[in-house]
Each structure stands twice: as C-alpha cells, then as structure tokens.
Protein chains: 2
Amino acid sequence: MITIGALSKHTGVNIETIRYYERIRLIPPPPRTDSGRRLYGAEDVRRLTFIRHARDLGFDIAAIKTMLALQEVPEASCEQVSRIASDQLEAVESRIRRLLGLRTELTRMINECDNGKVATCRIIEVLADPPGQATSQ
Amino acid sequence: MITIGALSKHTGVNIETIRYYERIRLIPPPPRTDSGRRLYGAEDVRRLTFIRHARDLGFDIAAIKTMLALQEVPEASCEQVSRIASDQLEAVESRIRRLLGLRTELTRMINECDNGKVATCRIIEVLADPPGQATSQ
DNA sequence: GTACATCCTGTAGCCACTACAGAATCAACC
DNA sequence: GGTTGATTCTGTAGTGGCTACAGGATGTAC
C-alpha cells in the first residue's frame with residue numbers, strides 16, 4: 001500500500017487532483033491509516049493511470065466515468081466504449097478542422113501586417129472588420 | 001444609440017456576455033437611459049465585433065485587452081499586436097500538433113477494437129496501460 | 001389596460017482543476 | 001527525547017469565460 005504522494009508520482013496525477021477525483025466519486029475512497037492518511041493499492045494505480053491517459057486524450061470526466069463503470073462488467077459488450085471513443089475522435093477531428101481554419105486566418109493576418117503603425121495595422125483591421133460580415137455604417 | 005439587445009444581435013455576442021465584459025472592464029460602461037438601460041453607439045459595435053472575432057480566433061481576454069489598449073494610440077507601432085498574433089498562431093499550431101497525435105492514437109485504438117467484450121477491449125487496455133510507460137508488474 | 005418583450009441587478013453554477021490556510025503527523029537525524 | 005522538514009489532512013476559494021437563474025422594473029403593441 002502506498003501513500004497519496006507515491007500514487008501521484010506513479011501516475012503523474014497531482015495530489016490535489018487525486019483528492020478532487022475522490023470528492024467527485026471518480027475514484028473510490030481508499031482505506032486510511034490510523035492517523036487518517038489515504039492508502040492506495042495496485043488497482044488504484046491502474047484506475048488512475050487509465051483516467052490520466054483518457055484525460056490526456058481529451059475525454060471528459062463523464063465519458064471516463066462511463067468507461068470505468070463498463071470495466072466493472074467484463075462480459076459486457078465494449079460497443080459503448082467504442083462509441084465513446086468514436087465520439088471523441090469526431091470531436092478531435094472537428095477541433096483540428098477549426099484550428100486549421102484559424103491558422104490560415106492568423107497567418108494571412110500576420111503576413112499582411114507590415115509592422116507599421118497601429119492605425120494602419122491589418123491585424124487590427126481584420127479583427128475589427130471580419131470578412132463575410134455586413135458591419136456597414 | 002441602440003440597446004443591449006440590438007448590440008447583441010449586431011455582434012453575435014450574447015447579452016449576459018456583454019454585461020460580463022463590462023464587469024471585467026473589457027468594454028467601458030455605456031451611458032444609460034433615464035430608466036437605467038444601457039445605450040450603445042457605433043464605436044461599441046466595432047469594439048465588440050473586434051472582441052468577438054478575436055475570441056473566435058482563440059485570443060484570451062488579456063491579449064484582447066492589450067490589443068484594445070494599443071488601438072487607443074494609433075501612432076504606436078503595431079509590433080506588439082503582431083507579436084500577440086504570432087504567439088496565438090504558435091499556440092494554435094501546437095494545439096493542432098497535439099490533436100493530430102490524439103487522432104492517430106484514437107484511430108489506432110478504435111481500429112484495434114473488434115467490438116467484443118469489455119474484458120478484451122483494446123481501447124480500455126490501451127488507456128489503462130499506455131505505451132511508453134513503465135507500469136511494470 | 002393588459003399582455004408580452006426587454007431590461008435591470010445580483011448571485012450561483014459550469015468544468016476540471018489549482019491554490020491556499022492552518023493543523024496534524026511522519027521520518028530522519030542527533 | 002527533541003528538532004527539523006517533508007508529507008498529509010480538511011475545507012474553502014479562486015481560475016477563465018462565460019451561462020443561467022431569480023425577482024423585479026420598464027417599454028411596446030394592440
């Protein structure tokens with residue numbers, strides 16, 4: 001059994017976050033020492049590693065909760081897990097598309113700016129008068 | 001002079017958000033009618049459109065505050081504006097790189113899953129035992 | 001006059017943490 | 001046994017950028 005500090009080092013999840021996860025019932029409350037310190041085992045390391053990696057991949061807490069619940073039933077079909085992952089993939093792809101658009105726009109803005117005075121700065125102009133909008137008088 | 005509702009419609013920024021921007025001093029407190037309703041003019045539309053578009057491009061409020069302050073000094077060099085935009089471009093590019101990595105990993109995970117039982121689900125396995133980590137025993 | 005839209009202030013909630021304060025306990029060394 | 005410093009505890013409040021009320025006051029159209 002290890003302390004919360006050791007669990008934190010093993011999983012890369014910081015201590016405050018581990019306690020937070022316990023508070024929101026993402027991880028179960030662990031047993032304690034006589035003095036009240038939390039004690040964790042190998043299963044906790046696995047669970048928290050799972051959470052950490054899923055968070056890194058952008059899954060939100062609700063999705064992670066669902067996946068953890070499904071893991072409790074090994075004979076269940078993993079179709080639902082697969083759907084959560086696919087949804088996440090779709091979200092990632094839409095974010096990528098959006099960011100590529102932003103990159104294009106930012107690049108163009110920056111290239112058109114000749115580093116002159118603010119009064120004639122294209123960056124500011126573009127931001128104040130975005131193309132495709134009828135801001136008119 | 002227009003009301004907050006009209007300003008909201010013109011700029012696409014919702015009413016609560018406009019009042020929030022006033023509270024955090026991103027926009028100046030406007031004059032009021034006798035009964036206390038806010039009144040906005042053309043300059044407010046321009047400013048808020050600027051803010052809206054900058055937010056769409058992912059600039060944070062602090063960056064927008066700086067850019068707005070620079071606009072107050074038209075003879076100032078727009079070097080700083082340019083740097084903020086470049087920083088933003090860099091942030092966008094790093095987010096893109098990260099998301100592309102996530103996409104690869106998610107795609108692989110999903111492809112390896114044969115939609116069988118949770119017990120043997122590769123998605124769960126990969127998340128619980130991420131490659132490149134010495135989880136040992 | 002009355003119905004409904006719009007506006008006001010103030011506060012609380014969202015997500016996923018993060019950062020304290022102030023106290024208790026533990027491990028190591030002398 | 002004493003002291004130092006690391007670790008842990010609880011509880012609360014803050015972050016960013018909104019969003020969503022509640023409960024009331026105005027404004028507008030018929």
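Bear in mind that the values here come from a model prediction, so they are computed numbers and not experimental data. By convention in this document, chain letters (A, B, ...) are assigned in the order of the sequence lines, proteins followed by strands, and residues within each chain are numbered from 1.
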Per the end-axis method with five pairs at each terminus, what is the bend angle of the helix from C:dG1-D:dC30 to C:dC30-D:dG1, to 10°?
10°

Interatomic spacing from [atom1] in [X] to [atom2] in [Y] - rounded to 0.5 Å:
X: A:L102; Y: A:M109; atom1: CG; atom2: CE; result: 10.0 Å
X: B:L57; Y: A:L106; atom1: CG; atom2: CG; result: 5.0 Å
X: B:F50; Y: A:L127; atom1: CZ; atom2: CG; result: 4.5 Å

Give me the residues of residues 87-102 of chain B where at least one heavy atom lies under 4.0 Å from an atom of DNA chain C, by number, or none.
none

Determine yes or no for a side-chain-to-main-chain donor-acceptor pair under 3.5 angstrom, with [X] supplying the side chain and [Y] the backbone.
X: B:H53; Y: B:T49; value: no
X: B:R122; Y: B:E112; value: no
X: B:S8; Y: B:I4; value: no
X: B:Q88; Y: B:G58; value: yes
X: B:N111; Y: B:R108; value: no
X: B:T120; Y: B:G116; value: no

Regarding B:R46 and B:Q71, do their side chains bring together a donor and an acceptor under 3.5 Å, going by distance alone?
yes

Assert: residue with more 5' nearest nucleotide on DNA chain D, out of B:I61 and B:T33, is B:I61

Just N and O in the side chain of B:T17: are any of them under 4.0 Å from OP1 or OP2 of D:dT19?
yes

Taking OP1 and OP2 of D:dG17, is either one under 4.0 Å from a side-chain nitrogen or oxygen of B:Y21?
no

With nearest nucleotides of DNA chain C determined for A:N14 and A:D34 from heavy-atom distances, which residue corresponds to the more 5′ nucleotide?
A:N14

Are more than 12 heavy atoms, taken from residues, nucleotides or ligands other than A:R32, located less than 6.0 Å from that residue's CZ atom?
yes

How many whole angstroms separate atom [atom1] of [X] from atom [atom2] of [N]?
X: A:I27; N: C:dA16; atom1: CD1; atom2: C1'; value: 14 Å
X: B:Y20; N: D:dC21; atom1: OH; atom2: C1'; value: 18 Å
X: B:I64; N: D:dG17; atom1: CD1; atom2: C1'; value: 11 Å
X: B:R25; N: D:dC18; atom1: CZ; atom2: P; value: 18 Å
X: A:I24; N: C:dC15; atom1: CD1; atom2: C1'; value: 10 Å
X: B:R52; N: D:dC18; atom1: CZ; atom2: P; value: 10 Å
X: B:E22; N: D:dC18; atom1: CD; atom2: C1'; value: 16 Å
X: B:R23; N: D:dT19; atom1: CZ; atom2: P; value: 12 Å

Output, in order, the C-alpha distance, side-chain angles, deciding distance and verdict of salt bridge (Lys or Arg N to Asp or Glu O under 4.0 Å) for A:R19 and A:E16.
CA-CA 5 Å; A:R19 287 196 284 248; A:E16 317 260 31; 3.7 Å; yes

How would you summarise protein contacts on nucleotides 3-9 of chain C per nucleotide, using B for base, S for sugar-phosphate only and - for none, with heavy-atom distances below 4.0 Å?
---BSSB

